[in-house]
Student: 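Before I ask anything, here is the structure I am working with.
Just so you know, these numbers come straight off a predicted model, no measurement behind them.
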Amino acid sequence: MADFRALSFWFDSLSTVGGEAGADDLRPRPALPRDLGVDVAIVGGGLTGLWTAYYLATADPSLRIAVLEKHIAGFGASGRNGGWCSALFPASTASLARRHGRAAALAMRRAMIDTVDEVGRVTSAEGIDCDFVEGGTVSLARGPAQLVAARNEVADAAAWGVDELELRDVAHSPRGATGALGSTFDPACARLHPAKLVRGLARTVEGLGVTIYEETEVLSWRSGQVITKQGTVDAAAIVIALEGYAASLPQTHRRVLPLYSLMIATEPLSDELWEEIGIEHGQTFADFRHLLVYGQRTADNRFAFGGRGARYHWGSSIRAEYDRVPGVFDHLERTLGDIFPAARQAAITHRWGGPLGVPRDWHAGASFDPSTGIATAGGYVGDGLSTTNLAGRTLADLIQKRDTPISRLPWVNHHSPQWEPEPLRFIGANLGTTAMNIADAEERMTGRASLAARLMAPLTGH
């Protein structure tokens, strides 16, 4: 049996706690034993698939629902991410307004903010103990260019009138951060433990009558049928919920680009040291650099810290060895120590990573085709921990043909263009990472907003 503890700190920590979320929770469920007939077949046992199963099963307990997962529920980004349950959406409000109109963009923004509370509501109601604390996000402005970006972001948020984004001066920013000229605070984010959430949600949907088949590899699908290595599943509705792993199947190979994000976790730090650092329990943190970094203070007082920077691999290939890149891990450790010098004394206990899904226009979507009975959702670009919940509610409404405010959101039935064939995909993806590195270096040297970043903005949904 595979050792799933190695997937992430989150999965490894499940094996050290008792109760339902103990080591037994990492044993795969039985695979599909034979051909099967159900009402809804869900391909992918991550948060998109499980939230869809949850909302379908609670709305109509008579539905026969099967979740088909190649490895173990939460194997992908759902069990490896940074633990930010935020209101972030990959496409900016301004870009949504240009594409869909102001009213639709504001509806999408409000839905994302409400989703943070919805995740908290469900986890509380269902007894899913996932360390959910709605402590907000602190984004540091480290340098003049970043301070300008922070001010602009707060001004933009005020102009839309939905977010409660606040600009804070140095005195009210984390005191342990170097070079901080101020920060922003966004209350619409919760810190949580991703593996506790996804494995807990899996147990919850099983309690609602959903069957989860793990170690069941899906090969293809067509209207009314999913073909797996173990047999076929006939279903009136089929949900494709693969996120970055969609690139590994021929039918969805160019719909998303698998971009790797890597993380590290430190040993637990003392409360006194955290007081010096200035990050509170339940808070997540970042800064305004272009090559994204993100972190949280875990429930057991560790830094869990990650970022982009790993290169894209030819042909959208996904391999276990890509999850661990020593050079990127070293960069993350240096960066964490640069931001918070107090972290330098902490040992790094875990290193991991994995692919996330990037659509060509950086615009996530949730779709359902009544003529084929096939639904899809994804393209979260790393903002999926909360967006998957909205996707689950959206797909449940669409499959049940319910006309609701959620089923009318602008991401519904949005279809991103396909990515270019190789070598254009390889050149473009890695050039983008290089450009963000250049943009950060440019801003550190000049103190002004980067020209390279402005040139890249239309390609990243901004």
Side-chain angles (χ1 to χ4, degrees), residues 29-70 73 78 122 201-243 245-246 249-252 255-256 364-379 387-409 411-415:
R29 295 166 172 84
L32 179 72
R34 59 189 176 276
D35 291 352
L36 186 69
V38 295
D39 298 306
V40 183
I42 298 174
V43 180
L47 287 170
T48 297
L50 293 174
W51 279 124
T52 304
Y54 176 81
Y55 288 105
L56 284 170
T58 52
D60 185 355
S62 70
L63 286 174
R64 297 168 301 155
I65 303 170
V67 177
L68 309 170
E69 165 58 43
K70 181 178 179 180
S78 296
V122 174
L201 185 58
R203 293 192 301 273
T204 297
V205 299
E206 282 184 311
L208 295 170
V210 174
T211 305
I212 302 174
Y213 297 102
E214 295 179 325
E215 298 191 323
T216 299
E217 183 176 355
V218 170
L219 303 175
S220 64
W221 57 87
R222 55 178 176 260
S223 181
Q225 192 171 74
V226 179
I227 297 92
T228 80
K229 278 191 172 181
Q230 287 81 2
T232 61
V233 179
D234 294 326
I238 296 169
V239 177
I240 308 302
L242 295 169
E243 192 49 359
Y245 289 86
L249 289 169
Q251 287 170 267
T252 48
R255 288 188 189 174
V256 293
S367 305
F368 178 62
D369 184 347
S371 67
T372 63
I374 296 175
T376 61
T387 316
T388 49
N389 174 275
L390 182 59
R393 287 182 283 149
T394 302
L395 295 185
D397 282 351
L398 293 173
I399 290 168
Q400 296 173 103
K401 299 180 174 60
R402 297 176 58 201
D403 183 15
T404 67
I406 287 176
S407 70
R408 295 192 295 271
L409 288 172
W411 76 326
V412 171
N413 293 326
H414 171 81
H415 297 285

Student: Distance check, rounded to the nearest 0.5 Å: W411 atom CH2 versus T394 atom OG1?
Tutor: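 One finds 5.0 Å between CH2 of W411 and OG1 of T394.
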Student: May I ask you to check whether over 12 heavy atoms, not counting those of R408, lie within 6.0 Å of atom CZ?
Tutor: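 For R408, atom CZ is crowded (more than 12 foreign heavy atoms under 6.0 Å).
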Student: How long is the straight-line distance from CG of N413 back to CG of L398, given to the nearest 0.5 Å?
Tutor: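 Interatomic distance, L398 CG to N413 CG, rounded to 0.5 Å: 6.0 Å.
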Student: To the nearest 0.5 Å, tell me how far Q230 CD sits from R34 CZ.
Tutor: 13.0 Å
Student: Ignoring hydrogens, what is the shortest heavy-atom contact between I238 and Q225? Give both atom names and the distance.
Tutor: CD1-N, 3.4 Å
Student: Working to the nearest 0.5 angstrom, can you tell me the gap between H414 NE2 and T376 OG1?
Tutor: 10.5 Å
Student: Does some side-chain heavy atom of I212 sit less than 4.5 Å from a side-chain heavy atom of V205?
Tutor: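 Yes; the side chains approach each other to less than 4.5 Å.
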Student: Does the side chain of Y213 come within less than 4.5 Å of P33's, by heavy atoms?
Tutor: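 SC-SC contact between P33 and Y213 confirmed.
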Student: So, does E243 use its side chain to make a donor-acceptor pair with the main chain of G379 at under 3.5 Å?
Tutor: yes
Student: Could you report the tightest heavy-atom contact between G44 and E69, atom names first, then the distance?
Tutor: C-OE1, 3.8 Å
Student: Quick one: does L390's side chain get under 4.5 Å of L409's, heavy atoms only?
Tutor: yes
Student: Less than 4.5 Å apart, side chain to side chain, heavy atoms only: is that true for Q251 and W221?
Tutor: yes
Student: Looking at E215 and R29, is there a salt bridge between them, counting it only when a charged N and a carboxylate O are closer than 4.0 Å?
Tutor: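 Between E215 and R29 there is no salt bridge, as every charged N stays at least 4.0 Å from the carboxylate O atoms.
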Student: Check the pair I42, I65 against side-chain contact (heavy atoms from CB on, under 4.5 Å), reporting the backbone distance first and the verdict last.
Tutor: CA-CA 8 Å; I42 298 174; I65 303 170; 3.9 Å; yes
Student: Is there a donor-acceptor contact under 3.5 Å from the side chain of S407 to the main chain of D397?
Tutor: no
Student: Using a 3.5 Å distance criterion without hydrogens, assess whether the side chain of R64 forms a donor-acceptor pair with backbone atoms of V40.
Tutor: no
Student: Hey, could you give me the NZ/CG distance between K70 and L249, rounded to the nearest 0.5 Å?
Tutor: 7.5 Å
Student: Compare every heavy atom of L395 with every heavy atom of A377, then report the nearest pair and how far apart it is.
Tutor: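 Distance-wise, the nearest heavy atoms are CB-CD1, 3.8 Å.
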Student: Hey, does the side chain of E214 reach the backbone of A31 with a donor-acceptor pair shorter than 3.5 angstrom?
Tutor: no
Student: Sub-3.5 Å donor-acceptor pair from the side chain of S223 to the main-chain atoms of T372, do we have one?
Tutor: yes
Student: Are the side chains of V67 and T211 in touch, meaning some heavy atoms are under 4.5 Å apart?
Tutor: no
Student: Can you confirm whether T58 sits close enough to L208 that some side-chain heavy atom of one is under 4.5 Å from a side-chain heavy atom of the other?
Tutor: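 Side-chain contact under 4.5 Å: yes.
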Student: Please evaluate residues K229 and L219 with respect to the criterion side-chain contact (heavy atoms from CB on, under 4.5 Å), reporting the C-alpha separation (whole Å), side-chain torsions for both, the decisive distance (0.1 Å), and the verdict.
Tutor: CA-CA 7 Å; K229 278 191 172 181; L219 303 175; 3.8 Å; yes
Student: Scan V43, D35, L68, L36 and name whichever one has a side-chain contact (heavy atoms from CB on, under 4.5 Å) with T228.
Tutor: L68
Student: Closest approach of A396 and L56, non-hydrogen atoms and distance?
Tutor: CA-CD2, 3.7 Å
Student: So, T216 side chain and L32 main chain: donor-acceptor pair closer than 3.5 Å or not?
Tutor: yes
Student: With a 3.5 Å distance limit and no angle check, can you tell me whether T252 reaches the backbone of R255 through a side-chain donor-acceptor pair?
Tutor: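 Checked: no pair found.
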Student: State the CD1-OG1 distance between I399 and T52, to the nearest 0.5 angstrom.
Tutor: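 If we round to the nearest 0.5 Å, I399:CD1 and T52:OG1 are 6.5 Å apart.
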Student: Indicate whether any N or O donor in one side chain lies under 3.5 Å from an N or O acceptor in the other, for Y55 and N389.
Tutor: yes
Student: Taking the side chain as everything from C-beta on, heavy atoms only, tell me whether V239 gets closer than 4.5 Å to F368.
Tutor: no
Student: Kindly indicate whether the side chain of D60, heavy atoms from C-beta on, has any atom under 4.5 Å from the side chain of Q400.
Tutor: yes
